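All remarks here apply to the structure that follows.
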Amino acid sequence: MNDKSTEHIPSNFIRNIIDADIESGKHQTVITRFPPEPNGYLHIGHAKSICLNFGIAQDYKGAICHLRFDDTNPGKEKSEYIDAIKEDVRWLGFDWDDKLYHTSDYFEQLYLYAVQLVKQGKAYVDSLSAEDIRLYRGNLTEPGKNSPYRDRSIEENIDLLERMKKGEFAEGEHLLRAKIDMAAPNINMRDPAIYRIKNMSHPMTGDKWHIYPMYDFAHCVSDAIEGITHSLCTLEFEDHRPLYDWFLDELGTPSHPQQIEFSRLNLDYTVMSKRKLHELVEGGYVNGWDDPRLPTLSGMRRRGYTANAIRDFCSRIGVTKKDNVVEMSVLENCLREDLDAHSHRALAVLDPIKLIIDNYPEDREELLSGVNHPKKPEEGRREIPFSKELYIERSDYMEDAPKKFFRLTEGREVRLRFAYYVTCTHVVKDENGNVTEVHCTYDPETRGGKSEDGRKVKGTIHWVCAKQSITAEIRQYDRLFKIPDPASEKEQDYKEFINDESVQVLKNCQLEASLSNATDAVYQFERQGYFCQDRVDSTAEKLVFNRVVTLRDSWAKKA
RNA sequence: UGGGGCGUGGCCAAGUGGUUAAGGCACGGGGUUUUGAUCUCCGCAUCCCAGGUUCGAAUCCUGGCGCCCCAGCCA
């Protein structure tokens, strides 16, 4: 970890609570946990939680953060996701040491605790249908009513529960419920489910179980077993806290963690729910979980985002209980800051057009020197081949250019970066009137891009040597959705707002020769943006680069 | 019309009775610049509303208003 992400210790209401707990002696140290359900890939919203939980573990003396897979629903979970999640957490720069757990590690204890509840008369086996249970639950304004099975004897309940466990019943036949209060204003307290029958095998426990615990029961008990001090979760679980506390109080667990809720991260122009991400991936709207347009950590990693930038982002957005939608520009700014500091520069022409220097010798070739990083001379220099015919960016020539256009137009002089001053003389067009060649003359006295006479040249453009450039494909990504908050439109499906121009593929980009040895690092293609090789599609024969993010462009904004 | 939360500038977010109401992003403007990048300088709010308490309130009280979450045998 380096740079911005650890420059200052963040402060937020959760850390304030922890500070107070340590100060008061309530806790000597802190144990947090990051508890993903392995039913999908992690996204930047999870990164917020990861940075919060693991960040606390890093900053407090003796503190530790557990990684716990919340695998209580074998119908939705797969071990493929477990591996992906571990990889993402590691990539983000965090380490769970040997504190890797699964809720399924506790299935035995969980069951014993359930039996204890039954024996205490605090849980019962209900045999109502799912439909009836819903009916009996009441609604937001009306209380529910007791199930006719609510007063079964403890003996009968134990017997039924044991048989549920053995797999004697079909799914839905019975359900273990907490006996609390069917008239509670908090619907979560209206005899919530504890164990349901699922006759399916589990990635970790195989065919051992026929019943699986519900989140509300499993989560608090798992936290207690692990001695978690502060159990941090998102706002929608606030209503579940009374239940979290009820279970632990009834059970008399050795420890009673404190649940604290904070608001989820929302980012504009994208979606963050697992359900929607699943839908985008499975519906073929994007190409897999690691599609560079997705806010998944694997997608962002493939796109070229750095872990450093994401950590910095998480610390900048803060942690509160307020609903929020963070602008993408904050993330992009974190990225640019990190990339500007660490990326080597290169010259690459995305939309090439020939530039011919009429007064440059036909057969001459020379090597010019370019700095790898303008602020870090220690990063060295590289040689860039130069000759009579170059490629420049099509957009760097304009026929009827306004005064403020600092690039090429007839009679205007510009600097070729690291090379020479050239003055545009004329252009050649095809039968349709499209410019096919830009012609110019160069000033041999300006080698390296500077002149002795102190003459001012406002514009500098990038170029590559036509003969020695290498061809590559470049994928330019844009926001996935056309509107800032696609998920909030009540009337329309969010998929209707997908931006069908979210990726633009340029197949004939010309890169400076040194890029044939490109690593998997991110490069700044000068005046364009940051790019990195696509880790899955780029090969030695066919280079493919992803545009991570553009450079800030105040000129384009005005124009 | 049940319960639980939340409301500080365009977006995040400090602030916990006495501060010119931090900071970041965005935005506008100036300077530097062999990337119209970077860097740099400057500008940019009286705190949802209304009453009240107080010498003094974004911070305390009362009453409104607005937004979010909850009726899975999902997490």
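It should be emphasised that the depicted structure is a prediction, and the values quoted were computed from it without experimental measurement. The sequence lines fix the lettering, A, B, ..., with proteins before strands; numbering per chain opens at 1.
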Under 4.0 Å between any heavy atoms, over every strand shown, what does [X] touch: base, sugar-phosphate, or nothing? Just pick one.
| X | answer |
| --- | --- |
| A130(A) | base |
| R241(A) | nothing |
| L176(A) | nothing |
| D71(A) | nothing |
| V325(A) | sugar-phosphate |
| T320(A) | sugar-phosphate |
| K450(A) | base |
| S488(A) | nothing |

Looking at [X] and [N], is any side-chain donor or acceptor paired with a base atom of the opposite kind under 3.5 Å?
| X | N | result |
| --- | --- | --- |
| R316(A) | G23(B) | no |
| E327(A) | G10(B) | yes |
| Q524(A) | U35(B) | yes |

Taking only the [atom1] atom of each, what is the distance from [N] to [M] in whole angstrom?
| N | M | atom1 | result |
| --- | --- | --- | --- |
| A75(B) | C11(B) | P | 36 Å |
| C27(B) | G10(B) | C1' | 8 Å |
| A37(B) | C25(B) | P | 15 Å |
| U62(B) | G2(B) | C1' | 23 Å |
| A57(B) | U20(B) | P | 14 Å |

In whole Å, I'd like the distance from the [atom1] atom of [X] to the [atom2] atom of [N].
| X | N | atom1 | atom2 | result |
| --- | --- | --- | --- | --- |
| D485(A) | G10(B) | CG | P | 18 Å |
| I461(A) | A37(B) | CD1 | C1' | 16 Å |
| R547(A) | A37(B) | CZ | P | 17 Å |
| F217(A) | G72(B) | CZ | C1' | 18 Å |
| Y212(A) | C73(B) | OH | C1' | 14 Å |
| E23(A) | U16(B) | CD | C1' | 15 Å |
| E332(A) | C25(B) | CD | C1' | 11 Å |
| K404(A) | G36(B) | NZ | C1' | 10 Å |

> Of the candidate nucleotides U35(B), A75(B), A26(B), which contains the atom at the shortest distance from the side chain of R417(A)?
Replying inline: U35(B)
> Just how far is it from atom CD of Q258(A) to atom CD1 of I17(A), taken to the nearest 0.5 Å?
Replying inline: 5.5 Å
>> If you assign each of V326(A) and E173(A) to its closest nucleotide in RNA chain B, which residue comes earlier from the 5' end?
In response: V326(A)
> Considering heavy-atom distances to RNA chain B, does N324(A) or R447(A) have its closest nucleotide positioned more toward the 5' end?
Replying inline: N324(A)
>> Checking R241(A) against D216(A) for the salt bridge (charged side-chain N to carboxylate O under 4.0 Å, His left out) test, could you report, in this order, the C-alpha distance in whole Å, the side-chain angles of both residues, the deciding distance, and whether it holds?
In response: CA-CA 9 Å; R241(A) 180 158 24 103; D216(A) 284 310; over 6 Å; no
> Now, which nucleotide makes the Watson-Crick or G-U wobble pair with C73(B), with each of the two distances under 3.5 Å?
Replying inline: none
> Does C47(B) pair with anything, Watson-Crick or G-U wobble, both distances under 3.5 Å, and if so, with which nucleotide?
Replying inline: none
> Pick one for G56(B): is it syn, with its angle within 90° of 0, or anti?
Replying inline: anti
> When D191(A) is tested against each of K179(A), R150(A), R137(A) for salt bridge (charged side-chain N to carboxylate O under 4.0 Å, His left out), which residue passes?
Replying inline: R150(A)
Looking at [X], does any N or O in its side chain come under 4.0 Å of the phosphate oxygens OP1/OP2 on [N]?
| X | N | result |
| --- | --- | --- |
| R527(A) | G36(B) | yes |
| S329(A) | A26(B) | no |
| S554(A) | A37(B) | yes |
| R196(A) | C74(B) | yes |
| K198(A) | C73(B) | no |
| T72(A) | A75(B) | yes |

> On the ring face of Y136(A), is K145(A) found with NZ or CZ under 6.0 Å from the centre and within 45° of the axis?
Replying inline: yes
> Does K321(A) make a cation-pi contact with F262(A) (under 6.0 Å, within 45 degrees of the axis)?
Replying inline: no
>> Using a 4.0 Å heavy-atom cut-off to protein, can you give one letter per nucleotide of nucleotides 66-71 of chain B, 5' to 3': B if the base is in contact, S if only the sugar-phosphate is, - if neither?
In response: --SBBB
>> Output one letter per nucleotide in nucleotides 39-49 of chain B: B when a protein non-hydrogen atom lies under 4.0 Å from the base, S when only the sugar-phosphate is that close, - when neither is.
In response: -----------
>> Checking side chain to side chain donor-acceptor pair (under 3.5 Å) between E379(A) and each of H373(A), R345(A), H344(A), which is the one that passes?
In response: H344(A)
> Centroid-to-centroid, Y397(A) to F405(A), below 6.0 Å?
Replying inline: no
> Planes under 30° and centres closer than 5.5 Å, is that true for W555(A) with the base of G36(B)?
Replying inline: yes
Any idea how [X] and [Y] line up, ring-wise: parallel (<30°), tilted (30 to 60°), or perpendicular (>60°)?
| X | Y | answer |
| --- | --- | --- |
| Y494(A) | F481(A) | tilted |
| H43(A) | H46(A) | tilted |
| W463(A) | F386(A) | perpendicular |

>> Could you tell me if the side chain of E383(A) sits less than 4.5 Å from the side chain of L368(A), heavy atoms only?
In response: no
>> Any non-hydrogen side-chain atom of Y442(A) less than 4.5 Å from a side-chain atom of T423(A)?
In response: no
> Hey, mind stepping through Q510(A) and S469(A) against side chain to side chain donor-acceptor pair (under 3.5 Å) and telling me if it holds?
Replying inline: CA-CA 6 Å; Q510(A) 300 299 317; S469(A) 62; 2.8 Å; yes
